[in-house]
Amino acid sequence: MKAALIGLGSVGRGVAEMIAQKKPGITLTGIADSKSGRICNEGIDIAAVLETKRTSGFCGDTAISAHDVITNADYDVLIEVTPTNALTGEPALGYIRAALLRKKHIVTSNKGPIALAYKELSALAKKNGVALRYEATVGGAIPIMHTLEDGLCGNEIVAVRGVLNGTCNYILTRMAAEGLTYEQALMEAREMGYAEADPTYDVKGIDAAIKLVILANTIWGNGTKLDDVDVTGIDLLTPDALRLAENGDCTIRLIAEAIPAKKILRVSPRLIAKDHSLVIEGSLNAITLETDMAKEITLIGKGAGSVETASAIIGDILYIRDHYDRRA
Ligand code: HSE
């Protein structure tokens, strides 16, 4: 598979490093960050590009933009891993549309375009005979989309609930275990690279709500929008509230929940028993699917991180290789 990689932050770097290290049969022919780009249809020397990026801050030529790479490089799949903009979805939305119009498959970790324009983009992908895959948008390394489309494909999904934000889970865990203040724990989460570029998305519950929208639209195709979600974050929680919860064998977790039959669509901090399957530690995420035949299935895994997210992205690329004809 030939791939063009747009975005060279923590996720993009993880993808490039894993392609170079694990050699899964993916050749990068184009690469771009926010300031520069590079095209080499015979295959980019990934180690050299990463070193250039590390020392200069650029991955290529400043005269070559991400849009130039998307329009001119020879590739089968666009790997779009630029930062999420939940309000406009840009610039990722434009990148994805441009690649779809060139009949290129899309693999993205970008929540903005999928939460805002899933219906339009999936219709455009279908019309052009290509895939739109976005496993990395929800749950980091957890293969939730593969589970829904393959493992549970004969099931009706009745409800979904989960811990969908690694930053909040990390903060809550650290506040409870070490008595850190909210600010101290948030600073740690940012240092670990879990938080969004603007961490208010994480702590106000917006990131989890975006992921819930993506899950709801994937499962039920019901046109759910971010505004439909009732959202409360963890930013006003005090160490006292957590201490009180811990005294009673309970704890607090930010839970996202969708149950269409009960018109429930919410993200909020909830008091739950410590032995509940959604009480997980650190930056982990957990997703419980309530189904008619399989009953309850809970998946737990790393919700954020460079290499962990690369796992979801490389899985999507290899899925496309195995399920779609290679274009000439
Ligand atoms: N900021 C997100 C989180 C990253 O903390 O879960 C993964 O989407």
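All values below were derived from every heavy atom in this structure, side-chain atoms included, with hydrogens, water molecules and symmetry-related copies excluded. When a ligand or atom number is given, it counts from 1 through the structure's own listing order.
A donor-acceptor pair is defined here as one N or O able to donate and one able to accept, closer than 3.5 Å; no such pair exists between the side chain of D202 and the backbone of A195. Under the 3.5 Å distance criterion, the side-chain polar atoms of S36 are matched with a main-chain donor or acceptor of G60.
The residue T137 has no part lying near ligand 1, judged by heavy-atom distances below 4.0 Å. Under 4.0 angstrom from ligand 1, the non-hydrogen atoms of D202 all belong to its side chain.
Within ligand 1, counting atoms from 1 as listed, the ones closer than 4.0 Å to a heavy atom of K211 are 2 (C), 3 (C), 6 (O), 7 (C), 8 (O).
Minimum interatomic distance between S277 and A286 (heavy atoms only, all atoms of both residues): O-CB, 4.5 Å. Smallest separation of non-hydrogen atoms from V158 and P260: O-CD, 3.7 Å.
The closest approach between a heavy atom of G303 and any atom of ligand 1 is below 4.0 Å.
T82 contributes atom OG1, which lies 10.5 Å from atom CG of L93 (distance to the nearest 0.5 angstrom).
Nearest to atom 6 (O) of ligand 1 among the protein's heavy atoms is G166 N, 2.8 Å. Scanning the protein heavy atoms around atom 5 (O) of ligand 1, the nearest turns out to be T167 OG1, 2.6 Å.
Taking only non-hydrogen atoms, the option from E308, K302, E196, M192 nearest to atom 2 (C) of ligand 1 is E196.
For K204, the NZ atom sits in a loose shell: 12 or fewer heavy atoms of surrounding residues, nucleotides or ligands are nearer than 6.0 Å.
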